[in-house]
Amino acid sequence: MTAATPDTDSGASQRFPVVVVGAGPAGLTVGNILRAAGIDCLVLETETRAFIERRPRAGVIEEWAVRGLERRGLARVLLERAQRHTAFEFRFAGERHRFEYTALTGSHHYIYPQQFLVTDLVREYADVRGGRIRFGVRGVRLHGLESDRPSVSYVCPDSGERRVVEAAFVAGCDGARGVTRAALPSGRVRTARHDYGVGWLALLAEAPPSSDCVVFGMHPSGFAGHMARSPEVTRYYLQCPPGDDPENWSHDRVWSQLRRRLAASGARPLEEGRLIEKRVLDMHGYVVEPMAFGRLFLAGDAAHLTAPIAAKGLNLALHDAFLLGDALVAHLTGGDDTGLSGYSAACVAQAWDYQEFSQWLAELYHGTASGDPYRAGAAVARMRRLFTSPVAATAFAEQYLGTRTSG
């Protein structure tokens, strides 16, 4: 399973109190919470350990989420290495508008690439806390979810044999394309979807950040974003048609559009560098209700996908994981079902709160480039209100930081 937990698979069925499907931030956090309480569990992951520790994803973590990790002994490296951000900048019509959200709320963001967090979590789970984890599995299937003895089967990557693992509960943390969401019966759940009608070209550049904060550019040619990931790497976004081919964006075209859309009086020139990632993200979101079925509980992108417009996806995954991990511990150690019975409602409410904010922010980002004078005018009004009304600014900052969320 790992160097710390050798493979003990055999032809006989195994049993764990909890099987976690997916070794992303949600699954690994749930696993760590269980192990800290002395509860055995098995994490199943289709990718290799090396792959998940390198896979670039989100990088913005809200302060409440970091404090939740810290309380569970999972934030030591993060707090040593992460950058703290206290403001961001809008760039519009050639002008810079700095928004000091920490001054309004006392809270801040942490910038810590998701692959670093995953590396920390898997090390803590497998190497420190002795948690069982199986990488490279195939053909994961869920069985008997409405029974008292559900099970998960998978094809062992070493032997090619199908293994069966019995469990009291299954945590579905395997993302938007995973098998756990697909296991939900279509007539028993509702999936609400929204398509924003735009794409974002997601870029990673081997170039130092060109600003001391996140930058959002609203331009008639389309939205552009600048987010530091490390002193040597910067994340950029460029609005593009949905379904666009990343190969349509040459090095020169990318940097030309970034310079154009992020141009503003007094701004530093962009630090250019080699593009090490180019992929198009179609902006859409969904929420699955309920997030529980029988002995299966979904968490993270398996239950809700939030477009990266407001950088909420990783934070929602951690919110789910905290609630689910704590609820499972309460049930398995003390027979308290309160957390499990209220899990879905609490997580769905938080998901909708973040979805609504993302939709509001999407109009601010994309209205100028919509070609619709009404939407463009409304976008300007939204931004103007943030800089003329302290009440509106504070309310926006609270949503941007998720300060009403608990971890």
Side-chain angles (χ1 to χ4, degrees), residues 17-22 24-34 37 39 41 43 62 64-65 68 72 142-152 167-194 285-306 312-359 402 404-407:
V18 181
V19 172
V20 179
V21 183
L28 290 168
T29 299
V30 170
N32 271 297
I33 292 171
L34 293 169
I39 297 170
C41 62
V43 177
E62 294 169 355
W64 67 265
R72 294 165 176 88
L142 280 61
H143 314 275
L145 295 175
E146 291 188 274
S147 73
D148 292 336
R149 296 178 68 87
S151 62
V152 180
F169 297 97
V170 178
C173 309
D174 52 343
R177 299 178 181 85
V179 300
T180 59
R181 183 163 64 95
L184 298 173
S186 58
R188 306 274 289 275
V189 297
R190 183 187 76 170
T191 302
R193 302 178 182 274
H194 178 68
Y286 61 75
V287 178
V288 175
E289 300 182 54
M291 288 171 53
F293 172 73
R295 294 299 184 102
L296 170 65
F297 292 83
L298 301 182
D301 286 359
H304 40 66
L305 183 67
T306 305
K312 296 295 188 182
L314 172 57
N315 297 286
L316 266 182
L318 291 173
H319 174 267
D320 295 349
F322 295 153
L323 293 189
L324 181 55
D326 291 348
L328 288 169
V329 168
H331 172 85
L332 292 168
T333 62
D336 183 354
D337 288 337
T338 305
L340 289 178
S341 62
Y343 171 75
S344 179
C347 291
V348 166
Q350 187 62 45
W352 278 118
D353 188 70
Y354 279 10
Q355 293 281 359
E356 187 279 331
F357 179 64
S358 295
Q359 189 176 36
R404 293 182 296 129
T405 311
S406 62

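What you see below is based on every heavy atom in this structure, not just the backbone, and it leaves out hydrogens, waters and symmetry mates.
Nearest heavy atoms, Ala299 versus Leu324: CB-CD2, 4.4 Å. For Ala327 against Gly339, the heavy-atom pair with the smallest separation is CB-C, 3.5 Å. In this structure, Leu34 and Gly325 approach most closely via the heavy-atom pair CD2-O, 4.4 Å. In this structure, Ile39 and Pro17 approach most closely via the heavy-atom pair CG2-CB, 4.0 Å. In plain terms, the two heavy atoms of Leu296 and Gly172 that are nearest each other are CD1-N, 3.9 Å. Smallest separation of non-hydrogen atoms from Ala302 and Val288: O-CG2, 4.3 Å.
Rounding to the nearest 0.5 Å places OG1 of Thr405 at 6.0 Å from CD of Glu62. To the nearest 0.5 Å, atoms SG (Cys173) and CG (Leu298) are separated by 8.0 Å. Atom CG in Leu332 sits 8.0 Å away from atom CG in Leu340 (nearest 0.5 Å). Here CE of Met291 is found 10.5 Å from CG of Leu184. Values are rounded to the nearest 0.5 Å. Distance CG/Asp337 to OH/Tyr343: 15.5 Å, rounded to 0.5 Å. For the atom pair OG of Ser341 and NE2 of His331, the computed distance is 11.0 Å after rounding to the nearest 0.5 Å.
With salt bridges taken as basic N to acidic carboxylate O contacts below 4.0 Å, none links Asp174 and Arg181. Under the 4.0 Å criterion applied to side-chain N and carboxylate O atoms, Arg72 and Asp326 are assigned as salt-bridge partners. Using a cut-off of 4.0 Å between Lys/Arg side-chain N and Asp/Glu carboxylate O, Arg188 and Glu289 are scored as not salt-bridged.
Taking the six-membered ring wherever Trp is involved, the centroid distance between the rings of His319 and Tyr354 does not fall below 6.0 Å.
Proximity of a side-chain donor or acceptor of Tyr286 to a complementary backbone N or O of Asp301 within less than 3.5 Å is detected.
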Practice prompt. Mind running side chain to side chain contact (heavy atoms under 4.5 Å, CB included) on Asn32 and Thr29 for me, showing each step along the way?
Written response: CA-CA 5 Å; Asn32 271 297; Thr29 299; 5.7 Å; no
Worksheet entry | Worked verdict on Phe297 versus Asp320 for side chain to side chain contact (heavy atoms under 4.5 Å, CB included) | CA-CA 10 Å; Phe297 292 83; Asp320 295 349; over 6 Å; no
Item to complete: Please assess Val19 against Cys41 for the test side chain to side chain contact (heavy atoms under 4.5 Å, CB included), listing each intermediate value before the final yes or no.
Response: CA-CA 6 Å; Val19 172; Cys41 62; over 6 Å; no
Worksheet item: Given the rule in the side chain to side chain contact (heavy atoms under 4.5 Å, CB included) test, do Val287 and Trp352 qualify, once you have shown the distances and angles that lead to the verdict?
Response: CA-CA 8 Å; Val287 178; Trp352 278 118; 3.8 Å; yes
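Residues Gln355 and Thr306 are in side-chain contact: their nearest non-hydrogen atoms beyond the backbone lie under 4.5 Å apart. In this structure, the side chains of Cys347 and Leu323 come closer than 4.5 Å at one or more pairs of heavy atoms. Using a 4.5 Å heavy-atom cutoff, the side chains of Phe293 and Leu145 are in contact.
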